[in-house]
Amino acid sequence: MARRKKTIKGAELLCRSLVEEGVTYLFGYTGGAIMPVYDAFPKYPQLRHIMVRHEQAAAFAAQGMARATGKPGVCIATSGPGATNLMTGIADAHMDSIPIVALTGQVATSVIGTDAFQESDIIGMLVPVTKQSYILDDPYEIPRVVKEAFYLANTGRKGPVNIDFPKDIANAIVEDNGFDTTIRYPVPSPPGIGKDQVTRAQDLMDQSERPIVFVGHGVIQSGAQGEVRRFLERSNMPFSCTLHGISALPADHPQSLGMMGMHGTVEANRAIEKADLIIALGMRFDDRVTGKLDEYARNADVIHVEHDPSEINKNVRATVAMYSDLKPAVVEMTKVVKPKPYKEWYTYAAKNRKYWNSIDPINSRNGRGNSGNLLMGAVIRKLSEVTDGNDNVVADVGQHQMFAARYYRFGRFNTWFNSGGLGSMGFSVPAAMGVKFARPEERVWVIVGDGSFQMNIQELGTIMEQKIDIKILLLNNNFLGMVRQWQDLFHGSRFVGTPVKNPDFIALAAAYGIAGERVSEGKDLEPALRRAMKHKGAYLLEIVTDMEEMILPMIPAGSRFSDMKVTR
């Protein structure tokens, strides 16, 4: 009697392939086309599905997982609106180079192109914002495609990959034997740096009297923080971080000038304006960093180290371009750099820092605005003090995000998470869920404004169901604060579409079984922060803040660094 061949369903094959890639968490929302995959989950208990309340939140939660672990996060949704609801989170991951794998259900292959119920051309929609997109039309291809998707997402310049999974392929039964998992699109490795590049970089460093090192997101993603720190401490050069480079190195490092760019520190931006050498490590010179390009750092040579060649010379011309992974490039520069005291250069930075500290409203007004309400910056500074700068912080998008970047003194590596390139409101709460699942023993704070909070406020339901212990610091000024600031400065103070009438957030949290309190007095702030920290479980701390507060300094969009505004 012939031996019966072992078979497996396509949906089960997908789940098994995910397990083989080390996946433990999937953030998603079910529906008709993806239902066969959900039906297979019980057979694979290694996969823990977290049911979010909106698919966009699934993509942001997957990002939080990826940002905290360095491995691809996974989100899953059904076809049609389920898939399209993932798009913002996928585009966000693309802009910030975050590795995620998005699994989308699709109608059966026999009806693709007929406008079937909940059909959407998600592949076509996602082409501009994914590294690769697949539609599975052969169940035998499932193991290879999954393996390749995870490889591509996390190799080279990291980013999102989509796998579209038709329902009939999920239900197909195939022989469970001998699947080909050969990766067909290997990512080429950067060529590294040559002797001539090292020599030219050495000459520029030897000649420089006013250098500054830019620490970008690539330092975190490549794990090159140790090599970069050794280079900085050997060279004695000052450094500044991009928004995504924050937490690559301790904020209290004596050579740090803080964040650069549109809302960067006075000392960092004025140093960039006067610099004769910029050493850019793993960053892309986006418009929030450079301002007016033809006026940017006109007197500086540029050494740019970047493993994505498309970013080199895209915005700022490099004197020495190093298409290389960061670690070996920084090691080679460390070997040839000669330390200098840069006494006058550091004195100039200290003078600018002292000037800003003397006019900073947080110092000069005792942390209160014209209304008497607390200033966001003062709240963030107090949070930094009571946590010793050691907690994970997930910010949303807006004024509160910039205040968090500026006033929280990050002491630990890779503890700052936010949406940068796309600037997606609603990012923080779901992303924090992903961070907390990745780091269950660590405290995770959400810093969010009242506008951003309501973009994905339904995820309080996920927090309730999953008992996710995150602390939400809600800075409520009853405005869309960043837009209000621009309206105040550039649009004649016509506040159109920015005042926000809010619900009772504490009562709303209570409806989800989440504890919380509202604070309006400065004397109550620290005790409330400490209560939130000690509370076992999620906690919503709403702070009533000044609606007129501005995040300064500010370089207006498209302006020169010399146009930086330091007062209203």
Side-chain angles (χ1 to χ4, degrees), residues 360-363 365-387 389 391-409 416 418 425-429 432 443-457 460 463 470-485 498-510 512 514-535 537-552:
D360 185 348
I362 295 170
N363 299 325
R365 297 183 58 87
N366 198 29
R368 290 189 172 276
N370 292 329
S371 65
N373 288 331
L374 291 166
L375 296 175
M376 293 187 199
V379 176
I380 301 298
R381 178 178 286 177
K382 181 58 66 176
L383 175 67
S384 183
E385 289 173 3
V386 300
T387 61
D391 287 3
N392 297 281
V393 174
V394 187
D396 218 282
V397 172
Q399 283 182 320
H400 61 275
Q401 174 190 25
M402 295 298 109
F403 279 115
R406 287 273 307 283
Y407 288 97
Y408 194 90
R409 306 288 291 170
W416 165 242
N418 70 122
M425 291 176 67
F427 171 89
S428 62
V429 171
R443 196 159 45 234
V444 178
W445 287 90
V446 169
I447 296 179
V448 65
D450 47 306
S452 294
F453 187 41
Q454 293 180 86
M455 284 282 186
N456 271 316
I457 198 169
L460 293 178
I463 293 168
I470 60 176
K471 316 304 179 184
I472 302 173
L473 185 62
L474 170 59
L475 303 178
N476 185 0
N477 62 3
N478 292 288
F479 262 93
L480 303 182
M482 186 62 87
V483 183
R484 185 195 189 282
Q485 176 169 329
T498 48
V500 181
K501 185 171 179 61
N502 288 313
D504 183 336
F505 289 115
I506 302 303
L508 188 60
Y512 285 99
I514 296 171
E517 62 182 296
R518 182 179 296 107
V519 171
S520 57
E521 297 294 330
K523 64 181 175 58
D524 299 326
L525 177 59
E526 183 172 341
L529 288 169
R530 294 195 181 278
R531 280 192 293 274
M533 291 166 65
K534 292 178 181 178
H535 181 78
Y539 201 91
L540 174 62
L541 185 55
E542 179 187 359
I543 313 296
V544 179
T545 59
D546 183 70
M547 66 174 60
E548 296 181 359
E549 185 177 11
M550 289 190 182
I551 175 66
L552 295 171

Q. Rounded to the nearest 0.5 Å, how far apart are CE of Met376 and CD of Glu549?
A. 5.5 Å
Q. Any side-chain heavy atom of Met533 within less than 4.5 Å of one from Val386?
A. yes
Q.
My understanding is that only residues two or more places apart in sequence, or in another chain, count here; which of them pass salt bridge (charged side-chain N to carboxylate O under 4.0 Å, His left out) with Glu542?
A. Arg518
**Q.** Heavy-atom pair of closest approach, residues Asp396 and Gly426
**A.** OD1-N, 2.9 Å
Q: Just jot down the salt bridge (charged side-chain N to carboxylate O under 4.0 Å, His left out) partners of Arg368, sequence neighbours excluded, or say none.
A: Glu521
Q. Roughly how far apart are Ile362 CD1 and Lys382 NZ, rounded to 0.5 Å?
A. 12.0 Å
Q. Between atom CD1 of Ile543 and atom CG of Leu374, what is the distance when rounded to the nearest 0.5 Å?
A. 7.0 Å
Q: State, with a plain yes or no, whether a side-chain heavy atom of Gln454 is found less than 4.5 Å away from one of Pro503.
A: yes
Q. Does the side chain of Lys471 reach to within under 4.5 Å of the side chain of Asp391, using non-hydrogen atoms?
A. no
(Q) Let me confirm one number: the CG-CG distance from Leu541 to Leu525, rounded to the nearest 0.5 Å. (A) 7.0 Å
Q: Could you walk me through whether Asn477 and Arg484 pass side-chain contact (heavy atoms from CB on, under 4.5 Å), step by step?
A: CA-CA 11 Å; Asn477 62 3; Arg484 185 195 189 282; 6.0 Å; no
(Q) If you define the side chain from C-beta out and look only at heavy atoms, does anything of Asp360 sit under 4.5 Å from Tyr407? (A) yes
Q: Using side-chain hydrogen bond (donor to acceptor under 3.5 Å, both in side chains) as the criterion, list what pairs up with Glu517, not counting sequence neighbours.
A: Arg531, Tyr539
Q. Any side-chain heavy atom of Phe453 within less than 4.5 Å of one from Asn502?
A. no
Q) Is the side chain of Asp546 donor-acceptor paired with the backbone N or O of Asn373 at a distance under 3.5 Å, no angle test? A) no
Q) Considering all heavy atoms of both residues, which atom of Ala538 and which atom of Ile463 are nearest to each other, and what is their separation? A) CB-CG2, 3.6 Å
**Q.** Closest non-hydrogen atom pair between Leu529 and Leu473, with its separation
**A.** CD2-CD1, 4.2 Å
Q) Does the side chain of Gln485 pick up a donor-acceptor pair with the side chain of Gln399 at under 3.5 Å? A) yes
Q. Minimum heavy-atom separation for Val500 to Phe479, with atom names?
A. CG2-C, 4.0 Å
Q) Heavy atoms, side chains only, cut-off 4.5 Å: are Ile551 and Met482 in contact? A) yes
Q. For the atom pair CD (Glu548) and CG (Leu375), what is the distance rounded to the nearest 0.5 Å?
A. 10.5 Å
Q. Which pair of non-hydrogen atoms, one from Ile447 and one from Leu475, has the smallest distance, and what is that distance?
A. CG2-CD1, 4.2 Å
Q: For the residue pair Thr387 and Tyr408, establish whether any side-chain heavy-atom pair is separated by less than 4.5 Å.
A: yes
Q: Indicate yes or no for a side-chain donor-acceptor contact from Ser520 to the backbone of Val544 under 3.5 Å, with no hydrogens or angles considered.
A: no
Q.
As an exercise, state the distance from CD1 of Ile472 to CG of Leu540, rounded to the nearest 0.5 Å.
A. 5.5 Å
Q: State whether the side chain of Gln401 and the backbone N or O of Asn418 hold a donor-acceptor pair below 3.5 Å, judged by distance alone.
A: no
Q. Do NZ/NE/NH1/NH2 and the carboxylate oxygens of Glu385 and Arg381 come within less than 4.0 Å?
A. no
Q. Just wondering, do Asp450 and Phe505 contact through their side chains at under 4.5 Å, heavy atoms?
A. yes
Q.
On a heavy-atom basis, which atom in Val446 and which in Ser428 lie closest, and how many Å separate them?
A. CG1-OG, 3.5 Å
